[in-house]
Structure formats: C-alpha cells, structure tokens
Amino acid sequence: MNSDRRKPYPFDQIEPKWQAIWEERQLFHAPNPGEKGSDPAKPKFYVLDMFPYPSGAGLHVGHPEGYTATDIVARYKRLRGFNVLHPMGWDAFGLPAEQYAIKTGQHPAITTRENVAKFKSQLKRIGFSYDWQREINTTDPTYYKWTQWIFLQIYNSWFNPETNRAEPISTYRGTDPDSVRLAYVADVAVNWCPELGTVLANEEVVDGKSEVGGFPVVRRPMRQWMLRITAFAERLLEGLDELDWPEGIKLLQRNWIGRSQGAEIDFKIENTDQQIRVFTTRPDTVYGGTFLVLAPEHSLVDLIVTEEQWPAVREYRERAARKSELERADLSKEKTGVFTGAYAINPATNNKIPIWIADYVLLGYGTGAIGGVPAHDERDLEFAKKFDLPIVVVVQPTGDEPALGFTGEGIAINSPVINGLTSAEAKKKITAWLEERGLGKRAINYKLRDWLFSRQRYWGEPFPIVWENGKHRALQEKELPVVPPPLDDYKPTGTGEPPLAKAKEWIRYSDKAMRETNTMPQWAGSCWYYLRFCDPHNDERFVGQEAEHYWMGGDKPGGVDLYVGGTEHAVLHLLYARFWQKVLFDLGYLSKPEPFQRLVNQGIILGEDNQKMSKSRGNIVNPDDVIDQHGADAFRCYEMFMGPLEQMKPWSTRGVEGVARFLARVWRLLRTENQAGEWELSKKIKAIDATKPQQKLLHATIKKVTEDIESFSLNTAISQMMIFVNAFTNVETIPLSAMRTFLILLNPFAPHISSELWERLSAEFGDARGDVSQHSWPAYDERLLIEDEVEIVIQINGKLRDRIKMPIAATEEELKTAALASPNIQPRVAGKTVRNVIVVPKRLVNVVVT
RNA sequence: GCCGAUGUGGCGGAAUGGUAGACGCAACGGACUUAAAAUCCGUUGGGCCGUAAUUGGCCCGUGCCGGUUCGAGUCCGGCCAUCGGCACCA
C-alpha cells in the first residue's frame with residue numbers, strides 16, 4: 001500500500017465516515033417542544049460545557065477533557081431515552097482578538113471567524129455529539145442584541161429591600177431612580193491597567209496584575225458603569241446550599257462574598273456635630289477602642305483635619321493614591337498613617353480618642369473607618385505600637401494565653417456594661433445597649449463589591465445607552481442591537497477614553513445626545529449563553545418561554561442538569577451568571593432562580609514532564625497529532641482513562657498507545673485480516689448463546705459501566721470494558737448478542753468504532769439495523785451476577801491466613817466451622833483461646849485468639 | 001497567616017471499614033518471524049525462609065505519630081509535604 005506504518009485498525013477511514021453520517025442525518029439535534037420530532041413523553045437532559053474563547057492557538061488537550069466527559073454523558077442519556085440538549089458555542093469577545101487587531105489591523109471579527117472555524121473543525125474531528133444547529137457566538141449581533149437587551153432590563157430595575165428582589169424601576173417611589181438602578185454610573189477607584197488601556201474588575205486582578213497578560217494594575221478614580229451585585233449578596237450566598245456543586249467551589253464563592261456579622265457604631269467627632277460610623281465584628285471590644293482610623297480617601301477627612309495637620313495628611317493621601325494595589329497589599333511592610341489632629345468620643349467610655357488616617361483601612365469595605373482596638377486586633381496592635389497609642393485590654397482569654405493581642409473569644413473585662421459575659425453574650429448585650437441609645441446598630445457586611453461593568457475596549461458589546469445634558473438614558477428595545485462602528489485604529493487612547501470615542505460619526509446619536517463609548521466586559525456574553533442555547537434562533541425574545549421552561553426544568557428540579565468546566569471560573573463567570581439569572585428570574589422571565597444544578601470541575605492536564613503545559617516549556621500536546629496517530633476514539637478514551645476527571649494529571653504518550661491497543665483488540669475481536677490484507681468479519685462470531693461465565697461477565701460489565709457513568713467514574717468504566725475484551729481474546733466462538741450489547745456500552749466512549757462494528761454485524765447477520773446510537777442502553781440482570789461459590793477469606797486476628805471456597809448460601813455457623821477446620825488455621829489456633837469469631841457472610845471469617 | 005484539596009508500586013491509577021495494588025503503562029522472559037514491527041502467552045510492591053525445581057511459608061508495606069475497631073488506604077486526633085484559593089475585609 002504505502003510506506004506508512006500500518007494502522008492497527010482503519011480509524012482514519014471510519015471516523016470521518018461516521019462524522020459525515022451524523023452530520024447528514026442530524027442525529028444529535030434535540031427538538032424543542034412543538035418542533036418536528038419532539039416527543040413530550042421523553043424526559044429532558046441538559047448537559048453543558050463551558051464554551052471556549054476561540055483563541056488563535058486552537059484546542060489543546062485540556063479543552064476536550066471536560067468536553068469528552070459531557071459527550072459520554074450526552075450519548076449515554078440519549079441511549080437511555082432522554083431528549084438531550086448538548087450544545088456548543090463561542091465566547092468570542094475579548095482581548096486577544098483585539099490585541100491582534102492592534103498589531104495587524106485585521107478586524108477582530110475576521111480573526112474571530114477564522115479561529116471559530118478552526119476550533120469547530122477540531123471539535124468535529126473528536127466526534128462530539130453537539131447539536132450544531134444551536135451553535136451561538138457572543139459576537140454575533142443577533143446574539144449580543146439580547147445581551148444588550150438584558151442590560152436594559154438590569155438598568156431599568158432596582159432592588160427592593162422589602163421584597164428582597166429586583167423590580168422594575170417604575171415601582172420605586174423615591175425621588176432619584178438613578179441612585180437605585182441595578183446598573184449605575186459611579187466615580188470609583190478602579191483597577192486601571194495602563195498596558196491594556198482599560199479598567200478591570202476586582203476578579204480580573206491577580207496579585208496586583210491583570211489576569212490577562214500579567215500587566216501592572218494601579219488604582220485610579222474613574223466614571224464607570226457598575227452592576228449592583230451586592231444587593232444580591234445574601235441570596236447568592238443562600239442559593240449555594242441547594243446546589244449540587246463541589247464543596248470547594250461553594251466555599252470559594254462563600255469566601256468571595258465574605259459575609260460578616262457585627263455592628264455599626266457611631267463615634268461623635270469632638271467640637272463638631274459630625275460623627276464617624278465604623279463597622280466591627282467585635283462590638284464587645286468597644287471599651288478597648290482607643291483611636292479611630294479612616295481610610296485616606298474617606299470623605300470626612302476634609303472636614304476634620306486641623307490646620308497644622310493638613311500638610312502631613314495631604315502628603316500621605318497623595319502617596320497612598322500613587323501606590324499600586326500590589327504595594328498597598330504588601331503585608332510585610334510596616335503600618336503607616338497620619339494623625340488628623342481631630343478627636344472623637346468613644347460612646348462606651350466617653351473618652352476622647354485621636355482620629356488617624358491609614359492605608360490599612362480600605363474605603364470600600366464596611367464604612368471605610370474602624371475603631372482601633374489594639375489589645376484584640378493584630379493590625380491595630382501593630383499600628384498602636386508604631387505610633388505609641390494607648391492599649392486597653394477588655395477580653396480575658398479562658399485559656400492561659402496572654403490577654404494582650406488575644407483575638408479569640410473570652411470573657412469581657414474593663415467594660416462596665418458587659419463585664420463577666422462571654423464574647424458572644426457581650427456582643428448581643430452591647431449591641432442592644434448601643435441601639436437603645438441611638439449610638440449603633442446590628443449590621444452585616446460583605447466583601448463582595450459591586451461589579452465594575454465597563455471596559456475601554458473596542459471588541460465588546462456597546463452599551464445601549466446615550467448621554468444627554470450629562471444624564472444617561474436607555475435606548476428603546478427596537479433600537480437594538482447597537483453595533484460598534486467600523487474603526488481603523490483599535491488602539492486604546494491611553495487617556496482612559498474608550499476607542500469607540502474615535503468614531504466621531506457613530507457617537508453622535510442626535511443633535512443633543514451622544515452614545516456611551518464604553519463596552520461591556522467579556523463576561524457579559526457568558527452570563528446567559530446557557531439560556532440562549534435553549535432557543536438560539538428566536539428573534540422575538542432572548543429565549544422563548546416554552547423552550548426555557550422545558551430545558552431549564554420549569555417547576556421540576558434541574559436547570560442545566562450537568563455543567564462541566566474548569567475551576568478558574570469559580571468566582572467569576574459562575575457568580576456573574578447566577579446574578580443575572582436571579583435578576584431575570586425576579587423580573588419574571590425565567591422559571592428558576594439558579595441556573596446550574598450540578599457542577600463538575602475537570603482537573604487540568606499537565607505536560608508529560610508533570611509541568612503545566614505552556615508554549616515556553618514546549619510540552620503542549622495537540623489533539624490533532626494524537627488523532628492523526630491513534631484516532632479520535634483512542635483520544636477520547638485516553639482522556640477519560642487517565643484518572644478521575646476532577647484530578648490534575650499528566651499526559652502520557654504511552655498511555656494513549658495502551659488505550660489504542662484496547663480499541664484495536666475490540667476491532668480484531670470482530671474483524672480479521674484476510675490473505676489480501678482486507679478486513680472481514682471474524683468467523684468466530686456466531687449467533688449462539690453466551691456461556692454462563694460469559695453471561696456473568698457481560699452483566700457485570702453492564703452494571704459497572706452504567707454505575708460508573710452515573711457517578712462520573714469514567715476511568716474505571718473503561719477498565720471494566722478492557723477486562724471484558726481481554727476475556728474474549730483467544731476464545732473459539734464469540735456470541736453475537738454479547739458483542740452487540742458490549743458495542744452499545746462502548747458507544748458513548750468510542751462512538752466511531754462502535755458504530756462501524758455495529759453496522760458490519762447488521763450487514764452480515766441481517767438484523768438489528770440502524771445506527772448503534774438509535775438502540776437502547778442494556779439492562780443488567782442481577783440474578784446472573786450471583787455466584788454459586790465464593791471465596792471466603794480466613795483471618796486470624798485480622799491477618800490473612802487462608803482462603804476457602806464455600807457455597808454462597810453457607811450459613812454463618814457453617815462458615816465458622818469450615819474456617820476453624822481449615823488446615824492452615826487449625827495448627828495456629830491449637831492451644832490458644834478463641835475469644836471471638838467474626839463472620840461476614842460471603843466475605844470472610846476472622847478468628848480472634850489470644 | 002487563614003481556608004480547601006491531595007499524598008498508595010518504577011509511572012497513571014483501583015479498592016460500600018473486610019484478600020491493598022483492579023485496569024493500563026514501563027520492564028523482564030517466552031511464542032510467532034530469516035529478522036524487526038505488530039500480535040499472543042507469562043512474570044513483575046519490598047525483604048526473607050524453604051526446595052534440585054515447582055507448589056509453598058513468614059515478615060514488612062497506602063506521607064509521619066497516635067487512637068477507635070475483631071479488622072483501618074478508608075473513621076477520629078495531631079503533625080509533615082505538595083498543589084490551589086483568599087489575603088490589612090476590621
């Protein structure tokens with residue numbers, strides 16, 4: 001034939017063949033209710049991958065790990081009679097395409113189209129059973145029209161604290177609706193990245209650097225669009241309880257939301273009628289409060305600083321403002337701060353205490369001011385020592401640790417109102433005491449910040465907003481989509497003004513009104529894509545009511561039944577999407593308050609050298625190469641056989657070869673090579689009954705594979721199929737029916753080879769026609785698994801000493817007698833006292849002697 | 001610093017509190033072959049005893065120390081290491 005090494009089986013022919021058949025017959029299209037082919041009796045199953053950003057580099061082996069797992073589940077559920085929604089799309093707005101455009105001048109839409117084509121062909125080569133009729137792209141105007149529409153719903157809503165939900169802004173009775181909208185404009189200290197020329201969300205800043213590119217980020221006040229996610233903090237927290245997610249991910253979200261309960265206390269400022277409100281989780285330590293510290297940017301600073309302290313304060317503030325996030329977060333450095341010259345009155349002690357400013361107090365958390373309790377807070381103690389401020393111990397530890405610097409719970413001392421109480425009791429009592437006197441109240445704070453929602457970039461969704469006379473105003477629904485202008489120069493301006501501002505024509509909405517020139521962050525499109533998949537071609541609505549109700553589960557549990565993706569989205573996408581879902585749910589557009597019922601995180605795949613895959617290390621594995629060499633089925637099976645999905649694990653070329661050998665053995669079980677080097681059906685295949693041991697193995701395999709798919713243990717499912725195949729190598733005759741059943745089990749994992757072999761069997765034997773995927777998943781017969789005889793382990797004092805064969809039905813007494821009579825046991829027990837004999841039926845006998 | 005996950009052969013990994021190491025890789029030996037590849041068969045945690053050789057027998061072994069239990073990779077307590085998250089959040 002040719003000089004190529006002969007393939008162990010012709011995957012290079014059968015894989016494209018079956019992919020073409022699936023596409024032509026649209027076998028994996030899931031009909032919506034009411035559509036042709038929809039069967040209302042079928043239960044639905046929605047299994048979703050986190051859709052990728054189509055980068056120029058194409059897929060690496062990490063992407064298809066989760067995709068393969070979901071594909072196996074999707075195919076399995078179809079075989080079990082579910083109507084399965086298994087879609088794929090493109091999260092295509094974002095920085096890389098734009099950076100590329102800046103370098104080359106090529107429009108990001110062109111880059112995106114090319115990358116999408118590449119990704120799609122790679123995914124198709126792996127044989128994923130996506131319903132490509134539902135493909136979506138976040139950069140498509142027919143898609144982002146609805147992203148903009150959802151923004152308008154958010155903009156036109158407010159959070160009603162009385163009903164604890166989002167409501168149309170028309171129900172708001174106050175005077176300034178703009179102050180309560182869920183989307184609002186604010187001057188905020190933002191994370192400005194000069195290199196990228198844009199602001200970033202807190203979640204996008206890692207160690208003071210941009211998550212994308214790793215460029216330095218500095219604080220800078222700017223006018224920005226914000227989404228009021230903090231209003232939903234409590235519901236985002238509570239909602240987690242009901243979700244079938246990994247506990248670790250729930251915890252990450254809980255920590256990110258960062259709820260803490262305590263009190264707000266007002267401190268009167270001496271010689272003024274102003275007061276400073278502080279938040280504390282330890283109101284029981286109020287008697288130990290010997291100073292106040294304000295964040296340098298706190299608005300009261302201007303009002304209270306004395307003449308002689310102004311120069312020092314001004315200088316300190318300027319220095320703090322110049323600091324990058326990284327510098328400010330640097331814990332190893334010493335505490336800094338400046339005295340304002342002003343004093344406050346501690347409401348518990350009535351003592352006069354100094355007011356300082358220091359950058360260890362953050363404007364954005366609590367009230368931006370704290371009461372310094374140096375005796376029971378590490379940071380306050382450090383600060384007090386540095387600046388020689390008084391320290392008063394007010395909590396006595398119950399153990400023998402020193403009271404000074406004790407931050408745990410103990411007994412209140414030096415605190416007349418609460419002396420002798422435990423910290424928990426003291427908190428309650430002092431809070432009530434403060435409340436009675438109008439000096440404070442219970443309060444809850446969250447670390448969660450409102451979501452900074454605007455970016456100074458070109459390649460994102462424009463806001464459906466115009467400005468007139470300095471005020472913002474929403475566009476009408478009929479004006480959507482707002483399409484960005486064509487531009488020759490995508491570069492950030494460097495001033496913080498978005499690139500869209502360069503489109504002088506475009507920004508003129510009317511004589512008086514100008515368009516908003518910021519764009520939305522990349523997360524916008526991914527916040528609701530799972531909803532669009534339910535009804536991707538609807539041009540009347542973002543998702544049709546009936547389709548949403550059906551696929552998202554309506555009043556039944558479900559939503560997205562299974563969602564698989566990486567942990568990197570634990571607090572970004574997964575929190576934002578839950579937020580949008582809740583807003584749309586409150587406004588009556590959706591049937592469920594939570595989108596993703598079950599979440600599974602796949603672990604990352606390391607390079608063969610056990611290091612993270614990266615271009616610089618040169619250890620990236622390309623799926624195309626693997627498929628060229630071993631075929632898509634081997635690629636799929638190896639990805640699953642490597643180990644538990646959730647775990648981090650290294651790639652192994654040898655491992656792929658092992659799995660490829662398994663599939664080749666499956667092939668040769670049913671097909672043999674004739675003299676001419678052609679594959680033909682094995683003569684060993686006969687329409688006979690399986691032997692009893694074969695029956696048993698078959699049913700054990702059905703059981704194991706079924707249970708393992710249900711529990712996501714896909715690696716051990718493959719092991720079991722290997723055991724099955726190994727048992728049939730070198731047998732004289734192979735029963736047809738057992739092979740057919742096996743091919744169905746194999747189908748979700750290796751769809752091409754199982755389809756081909758199924759078809760060949762049908763052709764030869766003239767029955768069971770149709771695609772293997774059109775048949776149904778086999779049931780196992782528990783009765784066939786029962787053994788007549790079992791091996792019983794005999795232990796003495798827990799140590800294995802003998803094994804005997806016993807009938808399955810042997811009674812405890814029989815087992816005991818047989819065990820004690822066994823030749824290996826008798827001499828060891830002779831002359832000793834048998835204290836006890838533990839019998840575990842069908843398993844073991846443990847003789848306890850002394 | 002706080003929180004979380006993980007720790008089992010040469011390697012990836014299996015094990016409802018009940019035979020540790022399934023399955024695969026690698027290695028070694030054999031069959032087939034002129035030869036190689038491919039394929040098939042066998043051995044393979046460590047140490048020791050026994051025997052001409054086999055069958056066999058014993059001890060140790062799931063990061064470390066302790067506990068619960070007839071019995072612990074698995075449960076409990078304390079440590080160590082690696083990875084991940086958060087990090088002046090009052």
Side-chain angles (χ1 to χ4, degrees), chain A residues 5-8 206-207 246-256 258-260 262 278-282 285 293 328-333 335 358-362 364-373 376-380 382-383 407 445-449 567-568 570-571 601 603-604 610 612 637-638 641-644 646-659 661-662 664-665 668 673 704 713 715-723 726 729-730 791-803 824 835-840 842-849:
Chain A
R5 197 162 61 87
R6 189 134 170 45
K7 310 241 188 267
V206 178
D207 292 331
E247 278 308 313
I249 298 296
K250 291 197 198 177
L251 202 68
L252 282 174
Q253 289 215 355
R254 289 196 182 102
N255 292 341
W256 189 264
R259 181 187 203 269
S260 55
V278 305
F279 173 75
T280 176
T281 54
R282 293 298 298 271
T285 62
V293 189
R328 196 162 162 169
D330 187 0
L331 283 175
S332 59
K333 68 158 172 41
K335 290 271 177 292
D359 67 2
Y360 83 91
V361 176
L362 309 172
Y365 184 76
T367 61
I370 62 156
V373 184
H376 306 293
D377 182 282
E378 269 178 57
R379 299 147 301 181
D380 296 346
E382 203 190 316
F383 191 76
T407 57
N445 253 296
Y446 302 93
K447 281 203 276 191
L448 186 68
R449 294 287 97 90
T567 21
E568 67 271 21
V571 288
N601 285 122
I604 57 172
N610 245 299
K612 226 172 170 171
C637 288
Y638 177 65
F641 187 65
M642 288 172 84
E646 299 85 345
Q647 204 168 291
M648 187 195 300
K649 46 214 177 286
W651 186 263
S652 157
T653 303
R654 301 284 202 178
V656 192
E657 289 165 12
V659 173
R661 274 200 280 272
F662 157 65
R665 273 204 298 278
R668 289 194 310 268
E673 218 170 353
K704 178 87 177 135
S713 310
N715 53 330
T716 49
I718 294 172
S719 296
Q720 181 64 36
M721 289 190 282
M722 287 172 167
I723 292 170
N726 290 346
T729 19
N730 292 338
E791 191 176 70
I792 301 292
V793 167
I794 309 175
Q795 301 178 328
I796 294 179
N797 293 341
K799 280 194 195 298
L800 172 73
R801 289 294 178 236
D802 203 4
R803 296 155 207 214
N824 275 335
R835 294 269 169 217
N836 196 2
V837 179
I838 286 122
V839 180
V840 182
K842 293 181 225 176
R843 277 197 179 272
L844 63 73
V845 178
N846 187 13
V847 184
V848 185
V849 299

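Bear in mind that the values here come from a model prediction, so they are computed numbers and not experimental data. Chain identifiers are assigned alphabetically (A, B, ...) following the order of the sequence lines, protein sequences preceding nucleic acid strands; residue numbering begins at 1 within each chain.
- Within the nucleic acid shown, A:Gly258 has no heavy atom closer than 4.0 Å to any nucleic acid atom.
- Spacing between atom CD1 of A:Ile723 and atom C1' of B:rA22 amounts to 6 Å, rounded to whole angstrom units.
- In this structure, A:Val793 and A:Gln720 both approach RNA chain B, and ranking their closest nucleotides by distance from the 5' end singles out A:Val793.
- The interatomic distance linking A:Asn715 (CG) with B:rC25 (C1') rounds to 15 Å, in whole Å.
- Judged by distance alone with a 3.5 Å cut-off, a donor-acceptor contact links the side chain of A:Glu791 to the base of B:rU19.
- Proximity of A:Gln647 to the phosphate of B:rG13: a side-chain N or O atom is located under 4.0 Å from OP1 or OP2.
- Using the Watson-Crick or G-U wobble rule with both distances under 3.5 Å, B:rA20 pairs with nothing in any strand shown.
- Using a 4.0 Å cut-off, some side-chain N or O of A:Arg654 falls inside it from OP1 or OP2 of B:rA26.
- Nearest to the side chain of A:Thr729, among B:rC40, B:rA15, B:rA26, sits B:rC40.
- Ring geometry for A:Phe383 versus A:Tyr360: interplanar angle of 30 to 60°, hence tilted.
- Taking atom P on both B:rA5 and B:rG78, the two are 14 Å apart, rounded to the nearest angstrom.
- Closest approach to the A:Asn255 side chain among B:rC83, B:rC3, B:rG12 is made by B:rC3 (side chain taken as heavy atoms from C-beta onward).
- Separating the CD1 atom of A:Ile370 from the P atom of B:rA90 is a distance of 11 Å, rounded to the nearest angstrom.
- The shortest distance between side-chain heavy atoms of A:Tyr365 and A:Phe279 falls below 4.5 Å.
- Remark: the separation of the P atoms in B:rC60 and B:rC23 is 27 Å, to the nearest Å.
- Taking only side-chain nitrogens and oxygens, A:Asn730 comes nearer than 4.0 Å to OP1 or OP2 of B:rC41.
- Within 4.0 Å (heavy atoms only), A:Ser652 reaches no atom of the nucleic acid at all.
- A:Glu791 CD: more than 12 foreign heavy atoms inside a 6.0 Å radius.
- Nucleotides B:rU69 and B:rC2, compared at atom C1', are 35 Å apart to the nearest Å.
- A:Lys649 contributes a side-chain N or O that, together with a main-chain N or O of A:Pro644, makes up a donor-acceptor pair within less than 3.5 Å.
- Here A:Arg668 reaches the OP1 or OP2 of B:rC40: one of its side-chain N or O atoms lies under 4.0 Å away.
- Counting only heavy atoms from C-beta outward, the side chains of A:Glu646 and A:Asn601 never approach each other to under 4.5 Å.
- Residue-level contact check: A:Leu252 touches the backbone only, with heavy atoms under 4.0 Å from sugar-phosphate atoms and none from bases.
- When the nearest nucleotides of RNA chain B are assigned to A:Gly371 and A:Gly248 by heavy-atom distance, the more 5′-ward of the two goes with A:Gly248.
- Phosphate proximity of B:rG24 to A:Asn726: present, with a side-chain N or O under 4.0 Å from OP1 or OP2.
- In this structure, the side chain of A:Arg835 does not engage the main chain of A:Val847 through any donor-acceptor pair within 3.5 Å.
- In this structure, A:Glu378 atom CD and B:rA90 atom P are separated by 13 Å, rounded to whole Å.
- Nucleic acid contact for A:Pro644: sugar-phosphate only, since backbone atoms but no base atoms lie under 4.0 Å from a heavy atom of the residue.
- The distance from atom CD1 of A:Ile718 to atom P of B:rG12 is 18 Å, rounded to the nearest whole Å.
- Of the candidates B:rA90, B:rC23, B:rC3, the closest approach to any side-chain atom of A:Leu251 belongs to B:rC3.
- If you measure from atom CD of A:Glu646 to atom P of B:rG12, you get 18 Å, rounded to the nearest angstrom.
- Checking B:rG12, B:rA22, B:rG18 against every side-chain atom of A:Thr716, the shortest atom distance belongs to B:rA22.
- The gap from the C1' atom of B:rA26 to that of B:rG12 amounts to 11 Å, rounded to the nearest Å.
- Looking at heavy-atom distances under 4.0 Å, A:Gln795 makes contact with a base.
- A:Asn797 contributes a side-chain N or O that, together with a main-chain N or O of A:Val849, makes up a donor-acceptor pair within less than 3.5 Å.
- Anti is the conformation of B:rG45, whose glycosidic angle sits further than 90° from 0.
- Distances shown here put a side-chain N or O of A:Ser260 below 4.0 Å from the OP1 or OP2 atom of B:rA90.
- The side chain of A:Met722 sits closest to B:rG24 out of B:rC88, B:rG24, B:rC70.
- Using a 4.0 Å heavy-atom distance criterion, A:Met721 is classed as making no nucleic acid contact.
- When the C1' atom is used for both B:rG13 and B:rU8, the distance is 9 Å, rounded to whole Å.
- Set against B:rG18, B:rC86, B:rA90, the side chain of A:Arg843 has B:rG18 as its closest nucleotide.
- Between the side chains of A:Thr653 and A:Tyr638, not a single donor N or O lies within less than 3.5 Å of an accepting N or O.
- B:rU62 and B:rG57 are spaced 25 Å apart, taking the C1' atom of each and rounding to whole Å.
- A distance of about 14 Å separates the P atoms of B:rA15 and B:rC75, rounded to the whole Å.
- Between the CZ atom of A:Arg801 and the P atom of B:rG18 there is a distance of 20 Å, rounded to whole Å.
- Taking a pair to require two hydrogen-bonding distances under 3.5 Å in either a Watson-Crick or a G-U wobble arrangement, B:rA37 remains unpaired.
- One P atom belongs to B:rG73, the other to B:rG66, and the distance between them is 15 Å to the nearest Å.
- A sub-4.0 Å separation between OP1 or OP2 of B:rC23 and a side-chain N or O of A:Arg665 is absent.
- Residue contacts shown for A:Asn836 are absent, as no nucleic acid heavy atom lies under 4.0 Å away.
- The side-chain heavy atoms of A:Met642 and A:Asn715, taken from C-beta on, include no pair separated by under 4.5 Å.
- For the pair A:Lys447 NZ and B:rG85 P, the interatomic distance rounds to 15 Å; values are reported in whole Å.
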